[in-house]
> 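Below are the structure tokens for one structure; questions will follow.
If you're wondering where the values come from, they're calculated on a predicted model, not measured in any experiment.
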Amino acid sequence: SAAAIIILTLLVFWKKMLLGQFVGDDFIFLEKVSTFGFSPKNLASFGIFHIYHNTLLLATGFRPLPLALWVLLYKGFGMEPAWYHGAILIMHAGNAILMYFLIRKLFPQAVALASACIFAVFTGHIEAVQWISGFFDVLCVFFFLLSVLLFVDFLENKSRWRYFWSVLFGFLAILSKETAVTLPLVLAFLCYWRYHENESRASSPMSAIRPAIPFFFIFGAYLLIRRI
């Protein structure tokens, strides 16, 4: 099956990653989760951390979902890097499979399979997949792709449940990394693309992108709260 081919391709390319150690920024986040406790102070600041580059403070992030997974991994496996690398590898495999199903809805199967395999082994993902600190990116992409895939299903079937799950996974994506704020634009583009492919074009372009509008309000509210 397509999923088996994608997983085999990924394992051949990334198999040595399971033997890797912690590197770079991994130790910053490991220090955070190793000192985490369930006190009111810790719970109030959970998910909030500072992004450093060359010792200069750039921004403050709120990413509770990846940090929650780190806490679970640390509580279960301590400082054994293979378990952390394995968790990221499983998530990356899931992302590649989701990429296949998403592209399959828009293009022929051969294009979808080739694209998913390239995505699985693309060397631009090295830091995101090989570094433990890349869990933010991998988890964000997972929820992002799930949201887009369910949204495309909604456009095809008009299922309210699929729309609800698309909204939920989109929100989980932004709780994983702030770059998910681009999701409403992606969904609006998909709506417009569907409109452009529809030869009858019974609706206007603005009404065609209406399903994506609630995402703009939800994500806008999130950004507003972050500013307060």
Side-chain angles (χ1 to χ4, degrees), residues 1-15 17 65-66 87-130 134-174 176-201 205 208-216 219:
S1 65
I5 294 174
I6 294 168
I7 292 173
L8 180 61
T9 302
L10 183 143
L11 289 176
V12 169
F13 187 83
W14 295 105
K15 60 182 179 181
M17 193 183 80
L65 291 185
I88 287 186
L89 197 60
I90 291 172
M91 192 66 65
H92 184 54
N95 290 342
I97 293 171
L98 287 174
M99 182 69 73
Y100 166 79
F101 285 116
L102 178 59
I103 298 176
R104 182 68 184 88
K105 287 183 172 294
L106 306 172
F107 297 99
Q109 182 178 10
V111 174
L113 182 58
S115 301
C117 289
I118 292 172
F119 175 85
V121 301
F122 181 53
T123 54
H125 299 319
I126 283 182
E127 287 190 9
V129 178
Q130 196 165 6
F135 224 137
F136 297 119
D137 302 276
V138 177
L139 195 61
C140 177
V141 170
F142 180 75
F143 289 124
F144 192 101
L145 290 175
L146 269 177
S147 180
V148 175
L149 185 60
L150 287 165
F151 187 83
V152 173
D153 283 342
F154 163 76
L155 294 178
E156 294 175 347
N157 304 312
K158 304 302 179 184
S159 169
R160 292 184 179 182
W161 277 109
R162 296 190 181 186
Y163 188 82
F164 167 79
W165 286 109
S166 177
V167 173
L168 177 61
F169 286 128
F171 192 67
L172 293 179
I174 204 171
S176 300
K177 191 173 183 180
E178 296 79 8
T179 48
V181 74
T182 58
L183 178 62
L185 295 174
V186 173
L187 301 183
F189 173 76
L190 286 172
C191 289
Y192 182 77
W193 189 3
R194 289 288 184 178
Y195 164 80
H196 186 70
E197 285 188 330
N198 185 1
E199 295 181 357
S200 62
R201 298 187 187 180
I209 67 171
R210 189 178 301 165
I213 293 177
F215 286 84
F216 284 95
F219 280 47

> Would you check if Met99 and Val141 make a side-chain contact, meaning some heavy-atom pair closer than 4.5 Å?
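A side-chain contact under 4.5 Å is absent here.
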
> Less than 4.5 Å apart, any side-chain heavy atom of Pro214 and any of Val167?
no

> Could you please spell out the steps behind the side-chain contact (heavy atoms from CB on, under 4.5 Å) verdict for Phe151 and Val186?
CA-CA 11 Å; Phe151 187 83; Val186 173; over 6 Å; no

> If the condition is side chain to side chain donor-acceptor pair (under 3.5 Å), which residues does Tyr100 pass it with, not counting sequence neighbours?
Gln109

> My understanding is that only residues two or more places apart in sequence, or in another chain, count here; which of them pass side chain to side chain donor-acceptor pair (under 3.5 Å) with Ser176?
none

> Less than 4.5 Å apart, any side-chain heavy atom of Ile7 and any of Ile97?
yes

> For the pair Ser166 (side chain) and Arg162 (backbone), establish whether a donor and an acceptor sit closer than 3.5 Å, ignoring hydrogens and angles.
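A pair under 3.5 Å: no.
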
> Which atom names give the shortest non-hydrogen contact between Ala96 and Ile6, and what distance separates them?
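Smallest interatomic distance, heavy atoms only, reads CB-CG2, 3.5 Å.
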
> In terms of ring plane angle, is the pair Phe169 and Phe143 parallel, tilted or perpendicular, where the classes change at 30° and 60°?
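Because their plane-to-plane angle is under 30°, the rings of Phe169 and Phe143 count as parallel.
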
> Do Phe154 and Phe164 have ring centroids that are under 6.0 Å from one another?
no

> Any chance you could lay out the side-chain contact (heavy atoms from CB on, under 4.5 Å) test for Ile209 and Phe216, step after step, and finish with the verdict?
CA-CA 11 Å; Ile209 67 171; Phe216 284 95; over 6 Å; no

> Between Pro211 and Leu155, is any pair of side-chain heavy atoms under 4.5 Å apart?
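SC-SC contact between Pro211 and Leu155 confirmed.
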
> Grab the two heavy atoms, one from Pro184 and one from Ala212, that are nearest each other, plus how far apart they are.
O-CB, 4.2 Å

> Show your working on side-chain contact (heavy atoms from CB on, under 4.5 Å) between Ser147 and Phe171 and close with a plain yes or no.
CA-CA 9 Å; Ser147 180; Phe171 192 67; over 6 Å; no

> Of all heavy-atom pairs between Val138 and Asn95, which one has the smallest distance, and what is that distance?
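Nearest pair, atom of Val138 first, then Asn95: O-ND2, 3.0 Å.
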
> Using a 4.5 Å cut-off on heavy atoms from C-beta on, say whether the side chain of Lys177 contacts that of Phe135.
no

